[in-house]
Every structure is written in C-alpha cells, then in structure tokens.
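Only one structure is covered here, and it is reproduced in the block below.
Both ligands and their constituent atoms are indexed starting at 1 by order of listing.
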Amino acid sequence: MIILVSNDDGIQAKGIHLVVEALQGLGDIYVSAPDQEQSAASHSITVNQPLRAKEVEFPGAVKAWAVSGRPADCVKLAIEHNFIEKPDLVISGINHGANIGTDILYSGTVGAAMEGYLCGSSAIAISQCSKKVSMDYGAAFLRRLVEGWLEQADRPRIMLNVNIPPLPAEEIKGFRWTRQGWRWYKNAFEERQDPHGKPYYWLHGDAYDADDDGDTDCSAIAAGYVSVTPLHNDMCDHAVLARLSANSFIKE
Ligand code: MN
C-alpha cells in the first residue's frame, strides 16, 4: 500500500511526524507537505508562481518533499507529477486545532485530503481540537482506523474528517460517526491600532456551534467523543435540485 502524508501546519510540525510514526509497517509512506505553515489555506492552489519541491530527510518516510505551496499543491504535485505512484490513501494532519462544522470549508488540512480524494485516492483529514493536549491518542486512533479500513474486503473510496476531542486520553469516551455541523464565531475581528494610528483587524473569534441536534461533529466533540465524518466533493444541494427541477422559478 502507498500512503501519502501531508498537512497544513508545515513539514516541521509535530502532528505530521506522529502520523508517519503511527503508520509504520502498513505501507510505503511518502510525505509532501508545505515548507511553512499554511493553515486556513482551504483547497487553494498556486497558479501564478512556480512551485519548488525540496527533497528532505523525514524519519519513517521512503521519501519526503517540502513544497513552497499550499497543502493541496503538495498533494497534487506529488501525485500528478508522478513523484510517487498513485497512493491508496492520502492522510492530512494531525492538525493543531479543530476542523469541525463550517471550519471544514476553510481548513487547509481538509483541503490537502480533499485533493487526494479528487486525485482518486481514499483520504483522511485528522485534527486535534486543542493545541494544549497530546496528539498521541489521535495518532493511535488513526492507526486503528487505517487498519480497520484495510481489513475491509471491498474497500470503497472514502474521505473521512476525524477530530480528536480536547481532552486527556483517559477522558475520551470513544468515537462517533457524525455529520458536518455548523460552527460560527462571535467577535470574529479584533480591531487594533498600528503605530501610525491607523486601524488594523485581526481575525480572532470565539467559536459557537449553531446547529446541535446531537449527531454532528461539533456535538460529538463537545460530548468527549472522537468525531468521524464522511465527506465528499459534491457541494450540490440535492434536495433543492429536486425541488427546483420539479418547480423551477426561472421562466422558460
Ligand atoms: Mn493547521
């Protein structure tokens, strides 16, 4: 099995090293990750600048590249420029910080995994919701997840978004399969003044979960469970499509 590992916190981040360590023995592991932090890069790609890919030493990986682009660039370049054979699995993370609810739309961690999925591989994005808690539980959970996926006789191509609650390992209650919730931020911008007296703005809000029926990623995390949400690239609202196809408001 060929596994490609990426992230958005940069190739030096602890989380990506833990992923490579945790998956030892499950396949040939390659790393292609940003040469600096690219959090909140979403699924953006680089089109007006060249990309550089520097081969670097990475313990536990067959080969590794530090790429001067976005998380999705790293995955796309490695696969589409044949740095490696097509991976069976692309893993992105472990991110420092949550990627639940609407965070998913902004997340570079999810963007890298989504690029792997678009390129035809199965993909997993994994995040630890607190920067203050050890990522060891998340790394061990990832290994269990990948082993379980490998044991399936007929593996469907899937993309999963995994979040580990902000708790010490002994307080985590287990895991839940979840749907994507709705997370929003209060006081999203803080206004400050620069030395010339002009205002500037810094994005820094307090998260709140606006949709909490109990079956979302946000509610699983709040209840102390690991959240596993299947995602796909289809952003079409199929229920609205069916309604509009039957009763269009655009005149012929
Ligand atoms: Mn990040």
- Message: So which atom in Ile45 and which in Ala72 form the shortest heavy-atom distance, rounded to 0.1 Å?
- Response: CG2-CB, 3.9 Å
- Item | the Mn ion (ligand 1): protein N, O or S atoms that are less than 2.8 Å away, sorted by chain | Asp8 OD1, Asp9 OD1, Ser39 OG, Asn95 OD1
- Close aromatic pair by centroid cut-off 6.0 Å: Trp184 and Tyr208: no
- Query: Between the main-chain N or O of Ala13 and the side-chain N or O of Asp9, is there a donor-acceptor pair closer than 3.5 Å?
  - Reply: no
- Task: Decide if the gap between the ring center of Tyr185 and the ring center of His204 is smaller than 6.0 angstrom.
- Result: no
- Message: Given the ring of Tyr200, does Arg192 sit roughly above its face, with NZ or CZ under 6.0 Å from the centre of the six-membered ring and within 45° of the axis?
- Response: no
- The ring-ring contact (aromatic ring centres under 6.0 Å, His included) partners of His43 (sequence neighbours excluded) come to none
